[in-house]
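First listed ligand is number 1; within each ligand, the first listed atom is number 1.
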Amino acid sequence: MTRDQVFEFFRRLAEANPSPTTELESTNPYQLLVAVVLSAQATDASVNIATKPLFEQIRTPKQMIALGEERLRDAIKTIGLFNTKAKNVIALSHALIDDHGGEVPRTREELQALPGVGRKTANVVLNTAFGEETFAVDTHVFRVCNRTGLAPGKTVDEVEAKLEKIVPQPFRRDAHHWLILHGRYICKARLPECWRCPVIDLCRYKPKTPPPEERAKPTAARSGRPKWSKARTATGRTAAKRSGGRSRARPNRLP
Ligand code: SF4
């Protein structure tokens, strides 16, 4: 994608969702850190179900240690890999108290030194808790970046490095939220919902998925340019018109 196309890509995602954030529920950086550790290979929804009652009682590392590994394990037993995750949460709570005065550190190095905390978790915490311009690459971000041609790469590190390089202001802080949500709800893994995608004309993925009513028709009935590719958006403009010859449009929202 060209620089103008990248800008337009994020401008449209921002237009559709001006205030994106993580779907993991928490009330402070410590709870967010725990929630992100628990979310590895699990859905945010499943983590929220387990953490809702847990976080009503546990807001600090000290309280988590007082709860203990066994009761924590029981509280999160509906989440995959709960044994290992309970061990890590107790260990990282000890580390926060011993080395950081009970606070969540604000540097990537310090975060990644905590048990169970990898680069992606550190990026989410730095971005969501502390407003840093980091690019956490999860399975959704990796897929969207490769499919669309936005930031193709063979590894998550490669994709993250490309995002670092190409994402313009004022979209850098919220870019990873937009990409996650786009991947989770529109550019889905098994069947991307291209017919309702706001960046359809900027995306290089082929073939685009037609709307359900078009897919239900026999193949012979589908010929020529599909009418749905000109489907109007909520703003009343077609995807093609929205990008035609436009350079840098002003975003709706500044961070
Ligand atoms: S057009 Fe389809 S493949 Fe491309 S970003 Fe949109 S949903 Fe994903």
- Message: For Lys188, state whether at least one heavy atom is located under 4.0 Å from any atom of ligand 1.
- Response: no
Presence of salt bridge, [Y] and [X], under 4.0 angstrom:
X      : Y      : value
Glu132 : Arg108 : no
Asp74  : Arg71  : no
Glu8   : Arg11  : yes

- Item | Check: Asn17/His177 side-chain N/O donor and acceptor closer than 3.5 Å |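 There is no such pair (donor and acceptor under 3.5 Å, judged by atom type) between the side chains of Asn17 and His177.
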- Ignoring hydrogens and angles, state whether a donor on the side chain of Arg73 or Asn83 is under 3.5 Å from an acceptor on the partner side chain.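 Result is yes, a qualifying pair exists.
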- Nearest to atom 2 (Fe) of ligand 1, what protein heavy atom do you find, and at what distance?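 Its nearest protein heavy-atom neighbour is Cys194 SG, 2.3 Å.
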- Measure the distance from atom 4 (Fe) of ligand 1 to every protein heavy atom, then report the residue, atom name and distance (to 0.1 Å) of the closest one.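 Atom 4 (Fe) of ligand 1 sits closest to the protein heavy atom Cys203 SG, 2.3 Å.
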Could you list the atoms of ligand 1 found under 4.0 angstrom from a heavy atom of [X]?
X      : result
Tyr205 : 3 (S)
Thr148 : 5 (S)
Lys208 : 1 (S)

- Query: Near atom 8 (Fe) of ligand 1, is there an N/O/S atom from Cys187 that is less than 2.8 Å away?
  - Reply: yes
- Item | Approximate separation, where rounding is to 0.5 Å, of Gln5 CD and Leu202 CG |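 With rounding to 0.5 Å, CD (Gln5) is 6.0 Å from CG (Leu202).
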- Message: Restricting to N/O/S atoms, is Cys197 within less than 2.8 Å of atom 4 (Fe) of ligand 1 or not?
- Response: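 False for Cys197.
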